Amino acid sequence: MGGVASTLQGLPMRLGYTGAGGFPGVCLEHLEPQPGSSDQESEEQQQFRNIFKQIAGDDMEICADELKKVLNTVVNKHKDLKTHGFTLESCRSMIALMDTDGSGKLNLQEFHHLWNKIKAWQKIFKHYDTDQSGTINSYEMRNAVNDAGFHLNNQLYDIITMRYADKHMNIDFDSFICCFVRLEGMFRAFHAFDKDGDGII
């Protein structure tokens, strides 16, 4: 398995096994193929599929525990992201958000969709982490939430701060992602009930 990581060193996003513990090591870089030949695109997508098979196992689906191991290995490799680690409950929420077929797990397409979400949110997080502390403060969180397309009132911003910020009013990366997962789920549910699109249900 250790050979997988070295094989993928040249990819914009790398998935590979660290060896110790057998957990996948992932770099949160851009997964989509860079401009260039179609051969590169095909190779990258195929390698992503092959590594997904190794993570998911024979059932070709990722459960909450497997997702937790993947994500925590990811953030541990990124020293510029401060984190206490993703909890099993957080990973269950992510699966519930992306599990379109109701299996309780993520297939390749669902995992790819989640991965793209996390990458987009990571980009926003790093944009506002101007001091490179690995955290953002509650004021920056408001701007980050807006940038992600979630427009909230002041009361909801205060609730987010109380729920996700530490005693110094800072929010680390896993709390940031968990917050965005919750917001994505709530906005998706709201739009499903807002049949006429007037913003009221």
Side-chain angles (χ1 to χ4, degrees), residues 11-15 24-34 48 51-52 55 62 64 66-100 106-153 156-166 169-192:
L11 289 183
M13 171 181 179
R14 297 178 295 278
L15 283 166
V26 189
C27 291
L28 274 177
E29 305 299 342
H30 208 306
L31 175 60
E32 283 72 31
Q34 301 300 309
F48 183 83
I51 300 304
F52 177 84
I55 298 170
I62 292 179
E66 290 167 331
L67 181 60
K68 178 177 176 238
K69 292 172 183 175
V70 170
L71 294 180
N72 285 331
T73 302
V74 169
V75 294
N76 286 337
K77 287 181 174 291
H78 284 259
K79 303 305 180 185
D80 57 338
L81 299 176
K82 185 177 179 182
T83 176
H84 292 93
F86 290 93
T87 66
L88 190 61
E89 186 59 35
S90 296
C91 292
R92 285 174 178 151
S93 296
M94 294 181 203
I95 288 178
L97 179 65
M98 300 297 173
D99 178 26
T100 55
L106 297 181
N107 61 31
L108 176 63
Q109 290 74 26
E110 292 163 347
F111 178 68
H112 195 171
H113 188 197
L114 173 62
W115 197 248
N116 287 337
K117 287 280 187 186
I118 292 176
K119 285 186 299 172
W121 293 337
Q122 183 214 17
K123 185 176 181 180
I124 294 172
F125 182 89
K126 294 185 75 172
H127 173 75
Y128 285 102
D129 180 21
T130 53
D131 60 358
Q132 298 183 332
S133 64
T135 64
I136 61 175
N137 63 41
S138 56
Y139 176 77
E140 292 166 334
M141 183 65 170
R142 289 187 177 218
N143 293 328
V145 167
N146 275 321
D147 279 3
F150 305 120
H151 304 297
L152 311 176
N153 59 35
L156 288 175
Y157 283 124
D158 291 340
I159 291 173
I160 286 175
T161 299
M162 287 187 291
R163 170 65 179 84
Y164 294 102
D166 62 19
M169 305 299 287
N170 293 321
I171 298 168
D172 63 15
F173 183 67
D174 54 287
S175 296
F176 178 86
I177 293 297
C178 291
C179 175
F180 274 37
V181 168
R182 298 282 186 180
L183 288 172
E184 179 86 8
M186 287 188 291
F187 269 68
R188 189 178 293 181
F190 180 88
H191 290 308

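Since we're looking at a predicted model, the values are computed, not measured.
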Give me the atom names and distance for the closest heavy-atom approach of E110 to M98. CG-O, 3.2 Å
Measure the CG-CZ distance between L67 and F111 for me, rounded to the nearest 0.5 Å. 6.5 Å
Would you call K68 and L88 a side-chain contact if the rule is heavy atoms closer than 4.5 Å? yes
Pairs of donor and acceptor atoms involving the side chains of residues 141-151, under 3.5 Å and at least two apart or interchain, shall be tabulated with distances.
| from | atom 1 | to | atom 2 | distance (Å) |
| --- | --- | --- | --- | --- |
| R142 | NH1 | N154 | OD1 | 3.1 |
| R142 | NH2 | D158 | OD1 | 3.2 |
| N146 | OD1 | H151 | ND1 | 3.1 |
| N146 | OD1 | Y157 | OH | 3.0 |
| N146 | ND2 | R142 | O | 3.4 |
| N146 | ND2 | Y157 | OH | 3.1 |
| D147 | OD2 | Y128 | OH | 2.5 |

Could you walk me through whether Q109 and T100 satisfy the side-chain contact (heavy atoms from CB on, under 4.5 Å) test, starting with their C-alpha distance in whole Å, then the side-chain angles of each, then the deciding distance to 0.1 Å, before giving a yes or no? CA-CA 10 Å; Q109 290 74 26; T100 55; over 6 Å; no
4.5 Å side-chain heavy-atom contact, S93 and R182: yes
Go through the steps to decide whether M169 and Y139 satisfy the test side-chain contact (heavy atoms from CB on, under 4.5 Å), and finish with yes or no. CA-CA 9 Å; M169 305 299 287; Y139 176 77; over 6 Å; no
State which residues pass side-chain contact (heavy atoms from CB on, under 4.5 Å) with L156; sequence neighbours excluded, sorted by chain then number. L152, N153, I159
Less than 4.5 Å apart, any side-chain heavy atom of K82 and any of D129? no
Please enumerate all residues that pass salt bridge (charged side-chain N to carboxylate O under 4.0 Å, His left out) together with K126, with sequence neighbours excluded. D80
The single option from N72, D172, D166 that satisfies side-chain hydrogen bond (donor to acceptor under 3.5 Å, both in side chains) with H84 is D172
Is the shortest side-chain heavy-atom distance between L71 and M94 below 4.5 Å? yes
Yes or no on side-chain contact (heavy atoms from CB on, under 4.5 Å) for F52 and I62, after CA distance, side-chain angles and deciding distance? CA-CA 9 Å; F52 177 84; I62 292 179; 3.4 Å; yes
Between OH on residue Y164 and CD1 on residue I171, distance to nearest 0.5 Å: 9.5 Å
Within-4.5 Å side-chain heavy-atom neighbours: F86 and C178: yes
Nearest heavy-atom contact between I160 and C179 is CG2-SG, 3.8 Å
Below 30° counts as parallel, above 60° as perpendicular, anything between as tilted: where do the rings of F125 and F176 land? perpendicular
Is it true that K69 and E66 make a salt bridge, defined as a side-chain N closer than 4.0 Å to a carboxylate O? no
For L106 and D99, which heavy atoms make the closest approach, and how far apart are they? CD2-N, 4.2 Å
